[in-house]
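Numbered from 1 within each chain, the chains take letters A, B, ... in sequence-line order.
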Amino acid sequence: MLTKKNIRFVLDTLEEMYPDADCELTHDNELELLIAVVLSAQATDALVNKVTPGLFLKYKTPEDYINVSLEELQNDIRRIGLYRNKAKNIRKLCADLIEKYDGEVPNDYDALVNLAGVGRKTANVVVSVAFNQPAIAVDTHVERVSKRLGICRYKDSVLEVEKTLMRKIPEEEWSPTHHRMIFFGRYHCQAKTPNCPECPLLEICREGQKRMKKRS
DNA sequence: CTCCCGATAT
DNA sequence: ATATCAGGAG
């Protein structure tokens, strides 16, 4: 487990590495962000960003997603994968937006997490990115990085990781740090090929120390 | 826990 | 060939 001082070192180093880290899903409004995040489950942002420009040109309101057949929506998102579940969820989600929220994306976590296809991670991304509320969305990168660094334990659930991060990181740093951890996981501490030899966090990283020993 | 799933990197 | 990708529902 990292000491408070080492947590501080991690936050400062990540800020230095990725001062402007932000959401990389292209979007122009709350609805586009919500749809993009739902689509991004188990897919890369790069792939989602290839599909959404055309998608958002065709679908501009929740009604637009309802007024086509399920098969047509499936075809429009097929390349992203998990397209049957995602198409079904997006239709239900848009129906609920119209019925319960006057066609708008609600700005609170509890409303968002009850929408079809929206879980804890997606709801946290939307409140953080669209509505500027402090949040830590734990995705595959945040989970892996937290565990490798030793901020939490490998056996911890996603929810436990989130609670630990919220406890150890000052609230005003939640959102920027969450984006920086994603950048770090995506571009430096990748799942298959983490760049430990050139990592500025190596000295305090449990997993990094272990991996560097193996090489010698 | 399993299933959903195509694109990409390794 | 296989692991991985801004997960969520049943």
Side-chain angles (χ1 to χ4, degrees), chain A residues 14 18 20-27 30-56 70-71 73-97 105 109-131 133-148 154-162 165-166 174-196 207 211:
Chain A
L14 289 177
Y18 310 108
D20 302 318
D22 202 355
C23 180
E24 293 200 301
L25 292 166
T26 56
H27 63 281
E30 290 94 340
L31 179 63
E32 289 187 2
L33 175 67
L34 177 58
I35 299 295
V37 181
V38 168
L39 289 174
S40 71
Q42 296 299 105
T44 59
D45 279 17
L47 178 60
V48 174
N49 286 338
K50 283 181 186 173
V51 174
T52 49
L55 192 72
F56 295 156
L70 184 58
E71 290 72 23
L73 182 55
Q74 283 181 4
N75 276 323
D76 288 336
I77 65 171
R78 181 179 304 276
R79 290 208 297 145
I80 297 176
L82 307 182
Y83 59 92
R84 276 184 275 257
N85 285 335
K86 287 172 182 175
K88 180 155 51 75
N89 286 333
I90 287 171
R91 278 176 72 89
K92 177 67 161 57
L93 174 164
C94 285
D96 281 345
L97 290 184
V105 176
Y109 175 86
D110 289 326
L112 285 164
V113 83
N114 283 308
L115 294 168
V118 178
R120 206 174 169 84
K121 189 228 99 182
T122 299
N124 273 323
V125 171
V126 173
V127 297
S128 167
V129 174
F131 301 112
Q133 296 169 31
I136 298 178
V138 179
D139 70 341
T140 183
H141 299 299
V142 174
E143 179 178 6
R144 181 180 66 254
V145 166
S146 299
K147 290 180 176 180
R148 281 184 176 167
Y154 278 105
K155 55 189 283 192
D156 286 347
S157 67
V158 172
L159 183 58
E160 288 170 325
V161 174
E162 181 187 327
L165 290 170
M166 290 172 72
W174 286 357
S175 294
T177 301
H178 137 242
H179 285 115
R180 286 169 190 151
M181 290 179 80
I182 288 171
F183 271 55
F184 181 65
R186 186 177 290 160
Y187 302 119
H188 193 104
C189 189
Q190 296 93 335
K192 293 175 84 166
T193 57
N195 189 356
C196 299
E207 182 67 27
R211 284 172 184 260

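Residues A:Glu207 and A:Lys147 are not paired through a salt bridge, judged by the lack of any N-O separation under 4.0 Å between the basic side chain and the carboxylate.
On the nucleic acid side, DNA chain C has its first and last nucleotide under 4.0 Å of a heavy atom of chain A at C:dA3 to C:dA9, going 5' to 3'.
When heavy atoms are screened at a 4.0 angstrom cut-off, A:Arg186 is found touching base atoms of the nucleic acid. In this structure, A:Val125 reaches the bases: a heavy-atom distance under 4.0 Å links it to at least one base atom across the strands shown. As judged by a 4.0 angstrom heavy-atom cut-off over every strand, A:Ala43 is placed among the base-contacting residues. The residue A:Gly81 sits close to a base: some heavy atom pair falls under 4.0 Å. A:Val118 comes within 4.0 angstrom of the backbone, heavy atoms only, and of no base.
Looking at A:Leu39 and A:Val51, their side chains never come closer than 4.5 Å, going by heavy atoms from C-beta outward. Within the 4.5 Å cutoff, no side-chain heavy atoms of A:Leu25 are placed close to those of A:Val125. A heavy-atom distance below 4.5 Å is not found between the side chains of A:Tyr18 and A:Ile182. Contact check for A:Pro134 versus A:Val127: no side-chain heavy atoms found under the 4.5 Å cut-off. In this structure, the side chains of A:Val142 and A:Leu165 come closer than 4.5 Å at one or more pairs of heavy atoms.
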Under the criterion side chain to side chain donor-acceptor pair (under 3.5 Å), I'd like the reasoning laid out for A:Tyr83 against A:Arg78: C-alpha separation, chi angles, the key distance, then a yes or no. CA-CA 5 Å; A:Tyr83 59 92; A:Arg78 181 179 304 276; 2.9 Å; yes
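Atom-to-atom, OH of A:Tyr83 to C1' of B:dA7 comes out at 14 Å; the value is rounded to the nearest Å. Atoms CG (A:Leu82) and P (B:dC4) sit 10 Å apart, rounded to a whole Å. We find that CG of A:Asn49 is positioned 20 Å from P of B:dG6, with the value rounded to whole Å. Between the CG atom of A:Leu47 and the C1' atom of B:dC5 there is a distance of 11 Å, given to the nearest Å. Residue A:Gln74 contributes atom CD, which lies 12 Å from atom C1' of B:dC4 at whole-angstrom precision.
Rounded to whole Å, the P atom of C:dA6 lies 24 Å from the corresponding atom of B:dC3. Rounded to a whole angstrom, the distance from the C1' atom of C:dG10 to that of B:dG6 is 22 Å. The separation of B:dC5 from C:dA3, taken at their C1' atoms, amounts to 14 Å, rounded to a whole angstrom.
For the pair A:Ala46 and A:Val113, nearest-nucleotide mapping onto DNA chain C gives the more 5' position to A:Ala46. Residues A:Gly185 and A:Leu115 both approach DNA chain C. Their nearest nucleotides, taken by heavy-atom distance, put A:Gly185 toward the 5′ side. If you find the closest nucleotide of DNA chain B to A:Arg84 and to A:Lys192, the one lying nearer the 5' end belongs to A:Arg84.
The closest donor-acceptor contact from the side chain of A:Asp45 to the backbone of A:Ser40 lies at 3.5 Å or more, if one exists at all.
Contact annotation: A:Lys50 side-chain N/O to B:dT8 OP1/OP2 distance is under 4.0 Å.
Ring orientation note: the planes of A:Phe184 and A:His188 are close to parallel, at an angle under 30° on the 30°/60° scale.
We find the CZ-CD distance between A:Arg144 and A:Gln190 to be 7.5 Å, quoted to the nearest 0.5 Å.
In the region residues 176-183 of chain A, proximity to DNA chain C at under 4.0 angstrom, judged on heavy atoms, holds for A:His178, A:His179, A:Ile182.
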